[in-house]
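Submitted below is the structure of interest, expressed as structure tokens.
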Amino acid sequence: MQIPRGDERRQNLIGGEWRAPATDKYDPCLNPADTREVLGHFPRSGAADAKAAVDAAAKAFPDWAATPGPERGRVIGRAHAILKSRVDLLAEALCREEGKVFSEAKGEVLKGLNLLEFYSGEGFRQHGKTLPSESRSTLSFTLRQPVGPVALITPWNFPFAIPVWKTAPALVAGCTAVLKPASLTPICTHLLAEALVEAGLPPGVLNVLTGPGSAVGEVLVDDPRIRAISFTGSNEIGTRLYQRAAARGARVTAEMGGKNPVVVLDDADLELAAEGILQGAFGSTGQRCTATSRVVVTPGIASRLTEAIVERARQLRVGNGMTQGVQMGPAVDQGQLKTDLEAIAAARADGARILCGGERLQAGECEHGFFCSPTVFDKVEPGTRLAREEVFGPVLAIQAARDADEALHLANDVQFGLTASIYSRDYFQIMRFVEKTEVGMLHVNQPTVGGEAQLPFGGIKATGVGEKEMAEEGANFFTHLKTVWLDYTGAKRTTNIY
Ligand code: NDP
């Protein structure tokens, strides 16, 4: 297991073999902190490769589905052990391909390992239920069965954790899979697949394919043998994919954008709130679906909180995530950097006041990468672009609220519903937020970010459709329930079952 370098070519994993793409085309993987560093070349696959991957997944399905759950779980467990012995290598790969700083990359790897550990145990726990039947001497129960071959389509921002949190539950549930990572960040997916192969995963159970979503993703979404699609990415692609898959009756879970607020009320612990906001807004360069992109603050604490945030944001050291002491890395590519800078320009044009940052950084070690300075705006009016649209970069909007009621209103006043946080010590207000915030995940007195293997993860409103991910729910998505009546009277029925 190694991080690819230079001219090295990686191949697709199809039917247990690392195969060259039928297209014979490859794309380089670049380090966004220093684009002079080439991290190998990955297949630019096409429709024929996607079809071959589905063929392999379909062929492997009957046997894998019939493999006992605990045995499936043990393969995941062995992959966990292999990857656990290579945490630093994985973190370095992640840092180099995606740009987040090494300590964050390591945190993501450890989270992925927790998920593997959790799902290895789920092999023992795929449970249905028994319920009394209306009929005498009849056992009625539900069975969980794998839905079939599935497609897993992942974004670039968590290139290790997200492939894990889709692959592990799919495989443990008895599905075979085609995993398509984001074209910008294929390396961690390859390292994960290598570990699963080394752990004894049978050929064809997991197939890995790189290439443009428009070319290979759509083939996967449209193939009738693919019975479920688990997607994380943008709203634009996710909603389109959802419609296409629904038209042929395939199951979809799609986790998409966010515009996550932190609400800070007058009685909050200011230091705690400022630290949490900084971590949520600028951790992973703001390239997290759960990133804090808005602060909604009441008047008694607003100016002190704003000062504390700006002071901290100014001090953040931006650079290559492999350099000791660097606290924030680059945007993942030129396109994302452009999106960040355009959002900043739009906020200025819409009348928001810039308090720090707002520009591309190109001096010193930022010279060869896609760096944007940590940026804070206040006086961000509801209805403006920065108040409503996801940036997916290090740009924070501070919005003023008259009181807790207006803060709740502003928090909910977006199309998204992924995560939110409230800082307060007033448990009446906290409980009101618990009840009324329109999100899939709520944090109290902690940042908007994070998730745990055993807890369901996902959003509502325009953020998410379908089953939540991670936890038991994450595996349930890949199964269907069969209801069974087992009549052991051996006699003609006389009861009423409709
Ligand atoms: P994209 O939607 O651009 O891409 C996501 C994946 O879909 C990639 O693998 C991409 O391939 C693929 N894809 C692109 N076009 C198609 C298509 N027509 N059919 C099928 N698949 C396709 O998102 P990003 O990678 O840019 O990720 C950023 C977005 O992800 C943000 O909006 C963020 O909010 C969201 N996100 C949400 C999370 C959540 O849990 N709610 C978590 C993490 C991110 P390719 O790379 O080749 O284009």
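Computed from a prediction, not measured in an experiment: that's the story for all the values here. Residue numbers run from 1 in the order of the sequence given. Every number for a ligand or one of its atoms is a count from 1 in the order of the listing.
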(message) Consider salt bridge (charged side-chain N to carboxylate O under 4.0 Å, His left out). Of Lys461, Arg388, Arg294, which one does Asp413 pass it with?
(response)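 Option passing the salt bridge (charged side-chain N to carboxylate O under 4.0 Å, His left out) with Asp413: Arg388.
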(request) Hey, could you give me each pair passing side-chain hydrogen bond (donor to acceptor under 3.5 Å, both in side chains) that has a residue in residues 172-196? Not counting sequence neighbours. (result)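 As it turns out, the side-chain hydrogen bond (donor to acceptor under 3.5 Å, both in side chains) pairs with a partner in residues 172-196, which skip direct neighbours, are Arg10-Glu194.
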(request) Quick one: which residue pairs count as a salt bridge (charged side-chain N to carboxylate O under 4.0 Å, His left out) with a foot in residues 249-262, not counting sequence neighbours? (result)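 Sorted pair list comes back empty.
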(request) With sequence neighbours left out, write down each residue that passes side chain to side chain contact (heavy atoms under 4.5 Å, CB included) with Arg244, or none if nothing qualifies. (result)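 For Arg244, the residues satisfying side chain to side chain contact (heavy atoms under 4.5 Å, CB included) (neighbours in sequence not counted) are Glu218, Val221, Asp222.
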What are the distances between nitrogen or oxygen atoms of ligand 1 and protein nitrogen or oxygen atoms, counting only those under 3.5 Å?
unit_1, atom_1, unit_2, atom_2, d
ligand 1, 2 (O), Ser234, N, 2.8
ligand 1, 2 (O), Ser234, OG, 2.6
ligand 1, 9 (O), Thr154, O, 2.7
ligand 1, 9 (O), Lys180, NZ, 3.4
ligand 1, 11 (O), Lys180, NZ, 3.1
ligand 1, 18 (N), Glu218, OE2, 2.7
ligand 1, 23 (O), Ser234, N, 3.3
ligand 1, 25 (O), Trp156, NE1, 3.4
ligand 1, 26 (O), Trp156, NE1, 3.0
ligand 1, 30 (O), Gly233, O, 3.2
ligand 1, 32 (O), Glu390, OE1, 2.9
ligand 1, 34 (O), Glu390, OE1, 3.2
ligand 1, 34 (O), Glu390, OE2, 2.7
ligand 1, 41 (N), Met256, N, 3.4
ligand 1, 41 (N), Met256, O, 2.7
ligand 1, 46 (O), Ser183, N, 2.8
ligand 1, 47 (O), Lys180, NZ, 3.2
ligand 1, 47 (O), Ser183, OG, 2.5
ligand 1, 47 (O), Gly211, O, 3.3
ligand 1, 47 (O), Gly213, N, 2.9

(request) Considering only NZ, NE, NH1 and NH2 on the basic side and carboxylate oxygens on the acidic side, decide whether Glu108 and Lys111 come within less than 4.0 Å. (result)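 No, this pair does not count.
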(request) With Lys100 as the cation and Phe158 as the aromatic partner, state whether NZ or CZ is under 6.0 Å from the six-membered ring centre and within 45° of the axis. (result)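 Here Lys100 passes the 6.0 Å and 45° test against Phe158.
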